[in-house]
Engineer: 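Here's a structure for you.
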Amino acid sequence: MVKKIIQDFFQNINEALQNPVLLKSKDPNSSLFIKPNNWKELLDLSTLEEALDETIHKDLAVTKAIQKSQNYLLSLQNKDGYWCGELIVNTTIPSDYVFLFRLLGIKEPDKERKLLKHVLNNQLDDGGWNVYPNGPAEINATIKAYTTLKICGHPPNSPHMKKARKWILKRGGLDAANTFTKIYLALIGQFPWKKIPAIPSFIMLLPTWFYFNIYEISSWSRGILIPLIIIYAKKPFFQISETQDIQELKIDTEEHFYDERAVNVNKSMATWRHFFLAANTLFKFLEKVTSKFNDNFALKRAEKWILQHQEHSDGLVAIFPAMVNAILSFKALGYSNHHPAIQKELHELEKLEVDLGDSMRMQPCFSPVWDTAICSIALAESGLKRDHPSLVNACNWLVSKEVKIRGDWQIKRPHIPTAGWAFEFENQFYPDIDDTAMVILALRRIALKDITGETAREQAILRSLNWLLAMQGRDGGWAAFDVDNNKEIFTQVPFADHNALLDTSCADITARVLETLGSLGYDLSYPEIQRAVSYLKNQQEKDGSWYGRWGVNYVYGTWQVLRGLEHIGENMQKHYIQAAANWLKLCQNQDGGWGETCASYDDLTFKGMGLSTPSQTAWAVMGLISSGHLMTTEVTNGIQYLIQNQTQDGSWIEDQATGTGFPRVFYLIYTMYKDYFPLLALSTYHIMVQKALLSDQITSS
């Protein structure tokens, strides 16, 4: 059925491009893939904002803030048409980068000194290192920092090392680390391989129809784990001196691996936990008798997979951890440092360096597609001419970045034509739903006068719309990269203790897709939209909020859901929506802003609580406006917070992590969130106030 729907859809694309009213499909059940009847009218850009500006008195403080923000964002645009802000993360990445230098024997003394200075600059008073600003110290970040400093010659009795060691020992020593950290330690002989959970290489040989295979884990874990399959099987050893070892961090000497997650396993998963723990023992035995088989079959397949996925990408999976693991897997296979595969990864890693003068930090990846899409939306919504050269250049750049090759998503959606956008400059195997939805939103807001460019843009939107719709999960929601990647039992696999093995549907991405579909004319009359709304209702918390998977946290999720529901025509006065709006109101800080700490992922008592930030304030304001609370004290105070905290150059200051990589594990400061989301909030407020005033004038006349 789906195949037939898609075939019918693409047979009519050329005709649809010429006809403002798309002919109805012959299949009555194929409404999902039919463009709305008013497609052409929706594509034509409205000049409502400009007309309103001429007839209604403007809030001068708001318009001044908008203009300053516009000018600031325009000044940041790259000459090629894109925006790309730095992604700031914790010290695990620079620690790992220096660690890699030492394993490979790379001599970069100045770079190493700067990276270590950045690590030391971020040590907490208690001796540990955290994974988000103002957060508590975390065991893996602290062990990695200590290990790297030690092998780089920092004396164990120096004050900063003594404090770190005391903190680590108090929390369980090396055994308290997760599997990925333990593997890095095993590479230098500081943790026994026999105490590390097995990563069986036969995973590479399991067919895609089998209940568990490599495509049943998240795309990012796939890129990290497949190199580890080679590393675990080969168990390479990199020699360090006795003065560099970290045996002082050992506590437990028993012949088992430490698994802190086993302490708190819910009852429904307890049986699977015991099953996988028993299976781990079996895997340990099998690896002793199947090493030759591994070399001949499974490891060769893993090697081939990595080499293939290096192509058309800014490094393996275009993220730092996968690139490092790829290099280490190649070394385990006997590659020299000069091998092209290793050189490619090293070259891509070097691009992620951020030289701060006397120190250096690392980015986990780049975010140009994401930043460009949101910048374009914010600028277009703020009243910038829709055919402004900056927007046209951004549009052309985004169209040029459409994915052109078939990626891992095709395993579960083999008949869907290639389309979509990735997060990074190049990551062709991994377009994602969130970026694709946001790019479509951006492209529809830009006016192109060139017929060739207009046609290319329209065709890109149609291809990606088709891909986006086809990636809806059975539960009615959308995930980030994959579809139906939700087998929770695999979170109990012993080596999956990094809390990121699955890519399940989530409320924030599902709502983003609804926002996009609503902007294209889809509404509640479509069955698939109804399924998505049902999914969102099922995901709502008792207090009215929604969990934020990719942004911190409930403020992010709640805002995005409210915005998505508004765009597809939901009745925003319904009780469940007003419950969400009331929750947002309750979370507002005394200064008029909103904030939420990453601690809310660990402890629900921190839900909706934290120092006010520009980005989270913008989300809350837009959420309240979407739910019909435009003319309220809460929204007015939120707008005033944004205006009063804007700097002279038109930007805002934000030093908290409001982006989520992996909850409880990895967070990000998107350095452009603080600027384009406030602009979008101010613009949304400005437009809606003018519409309300105009409506009042029309009514009174």
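In this chain, residues are counted from 1 in sequence order. These numbers were taken from a predicted model, which means no experiment stands behind them.
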Engineer: Any side-chain heavy atom of N637 sitting closer than 4.5 Å to one from Q588?
Structural biologist: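 Side-chain contact under 4.5 Å: yes.
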
Engineer: Hey, could you give me each pair passing salt bridge (Lys or Arg N to Asp or Glu O under 4.0 Å) that has a residue in residues 354-377? Not counting sequence neighbours.
Structural biologist: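 Passing the test, one end in residues 354-377: E86-R361, K114-D355.
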
Engineer: Give a yes or no on whether the backbone of W129 and the side-chain of T142 come within a donor-acceptor separation of less than 3.5 Å.
Structural biologist: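 Indeed, once roles are kept as given, a pair shorter than 3.5 Å links the two residues.
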
Engineer: For the residue pair Q363 and E353, confirm or rule out a side-chain donor-acceptor distance under 3.5 Å.
Structural biologist: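 The criterion, which ignores hydrogens and geometry beyond distance, is not satisfied for E353 and Q363.
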
Engineer: With ring centroids as reference points, do Y667 and Y601 lie under 6.0 angstrom apart?
Structural biologist: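 So the answer is yes for these two rings.
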
Engineer: Can you see which heavy atom on C365 is nearest to which on L352, and at what distance?
Structural biologist: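 Heavy-atom minimum between the residues: CA-CD2, 3.7 Å.
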
Engineer: Looking only at the side chains, is there a donor atom on one of K404 and H312 sitting less than 3.5 Å from an acceptor on the other?
Structural biologist: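 Absent: no donor and acceptor within the cut-off.
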
Engineer: Should R563 and E566 count as an ion pair when the cut-off is N to O under 4.0 Å?
Structural biologist: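 No, this pair does not count.
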
Engineer: Check whether any side-chain N or O of S313 sits under 3.5 Å from a backbone N or O of N427 as a donor-acceptor pair, and report yes or no.
Structural biologist: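 Here the side-chain-to-backbone pair does not exist.
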
Engineer: For F320, check ring pair (Phe, Tyr, Trp, His ring centres under 6.0 Å) against everything at least two apart and list the hits.
Structural biologist: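 In terms of ring pair (Phe, Tyr, Trp, His ring centres under 6.0 Å), with neighbours along the sequence ignored, F320 is linked to no residue.
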
Engineer: Within the 3.5 Å criterion, strictly below it, is a donor on N122 or T91 matched to an acceptor on the partner's side chain?
Structural biologist: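 Side chains of N122 and T91: no pair found under 3.5 Å.
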
Engineer: What about the rings of Y554 and W619, do their centers lie closer together than 6.0 Å?
Structural biologist: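 Between W619 and Y554, which both carry aromatic rings, the centre distance is not below 6.0 Å.
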
Engineer: Can you name the residues that form a side-chain hydrogen bond (donor to acceptor under 3.5 Å, both in side chains) with Y685, not counting sequence neighbours?
Structural biologist: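 Y685 satisfies side-chain hydrogen bond (donor to acceptor under 3.5 Å, both in side chains) with no residue once adjacent residues are dropped.
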
Engineer: Between S626 and M622 (side chain of the first, backbone of the second, donor and acceptor by atom type, cut-off under 3.5 Å), is there such a pair?
Structural biologist: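 Yes: the side chain of S626 pairs with the backbone of M622.
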
Engineer: Are Y641 and N645 side-chain neighbours, meaning at least one heavy-atom pair lies under 4.5 Å?
Structural biologist: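 Counting from C-beta outward, Y641 and N645 do come under 4.5 Å.
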
Engineer: Do the side chain of Y184 and the main chain of K144 share a donor and acceptor less than 3.5 angstrom apart?
Structural biologist: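 Answer holds: no.
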
Engineer: Would you check if M672 and C375 make a side-chain contact, meaning some heavy-atom pair closer than 4.5 Å?
Structural biologist: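 Yes, close enough: below the 4.5 Å cut-off.
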
Engineer: Is a donor from one side chain sitting under 3.5 angstrom from an acceptor on the other, for N121 and Q123?
Structural biologist: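 Q123 and N121 do not have a side-chain donor-acceptor pair below 3.5 Å.
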
Engineer: Any Lys/Arg nitrogen of E381 or R386 sitting under 4.0 Å from an Asp/Glu carboxylate oxygen of the other?
Structural biologist: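 Result for this pair is yes, salt bridge flagged.
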
Engineer: Checking side-chain hydrogen bond (donor to acceptor under 3.5 Å, both in side chains) between S615 and each of Q656, E654, K674, which is the one that passes?
Structural biologist: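 The single option meeting the side-chain hydrogen bond (donor to acceptor under 3.5 Å, both in side chains) with S615 is E654.
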
Engineer: Would you tell me whether S219 and D408 have side-chain atoms, one donor and one acceptor, within less than 3.5 Å of each other?
Structural biologist: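 Looking only at side-chain atoms, D408 and S219 do not form any donor-acceptor pair under 3.5 Å.
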
Engineer: Taking the side chain from T613 and the backbone from Q616, do they hold a donor-acceptor pair closer than 3.5 Å?
Structural biologist: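 Here the side-chain-to-backbone pair exists.
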
Engineer: Using the six-membered ring wherever Trp is involved, compare the ring planes of Y97 and F101 and label them parallel, tilted or perpendicular (cut-offs 30° and 60°).
Structural biologist: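 Answer is tilted, since the angle falls between 30° and 60°.
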
Engineer: Determine, for K607 against E596, whether the closest basic-nitrogen to carboxylate-oxygen distance falls under 4.0 angstrom.
Structural biologist: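 No.
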
Engineer: Hey, is E350 close enough to K111 for a salt bridge, meaning N to O under 4.0 Å?
Structural biologist: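 Result for this pair is yes, salt bridge flagged.
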
Engineer: Can you tell me how far CG of L441 sits from CG of L517, rounded to the nearest 0.5 angstrom?
Structural biologist: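 The CG atom of L441 is 9.0 Å from CG of L517, to the nearest 0.5 Å.
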
Engineer: Please confirm whether the ring centroid of W546 lies under 6.0 Å from the ring centroid of Y556.
Structural biologist: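 No: the rings miss the under 6.0 Å criterion.
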
Engineer: With a 4.5 Å cut-off on side-chain heavy atoms, are P94 and V119 touching?
Structural biologist: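 SC-SC contact between V119 and P94 confirmed.
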
Engineer: Less than 4.0 angstrom from a charged side-chain N to a carboxylate O is my criterion; do R549 and D508 meet it?
Structural biologist: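 Between D508 and R549 there is no salt bridge, as every charged N stays at least 4.0 Å from the carboxylate O atoms.
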
Engineer: If you measure from CG on L391 to CG on N396, what distance do you get to the nearest 0.5 Å?
Structural biologist: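 L391 atom CG to N396 atom CG measures 11.0 Å (nearest 0.5 Å).
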
Engineer: Would you mind checking if R222 and D482 are paired as a salt bridge, meaning a charged N to carboxylate O distance below 4.0 Å?
Structural biologist: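 A salt bridge links D482 with R222.
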
Engineer: Say you draw a straight line from OG1 of T647 to NZ of K68; how long is it, rounded to the nearest 0.5 Å?
Structural biologist: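 The NZ atom of K68 is 6.5 Å from OG1 of T647, to the nearest 0.5 Å.
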
Engineer: Could you tell me whether the side chains of N393 and S390 share a donor-acceptor contact shorter than 3.5 Å?
Structural biologist: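 Side-chain D/A pair, N393 to S390: absent.
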
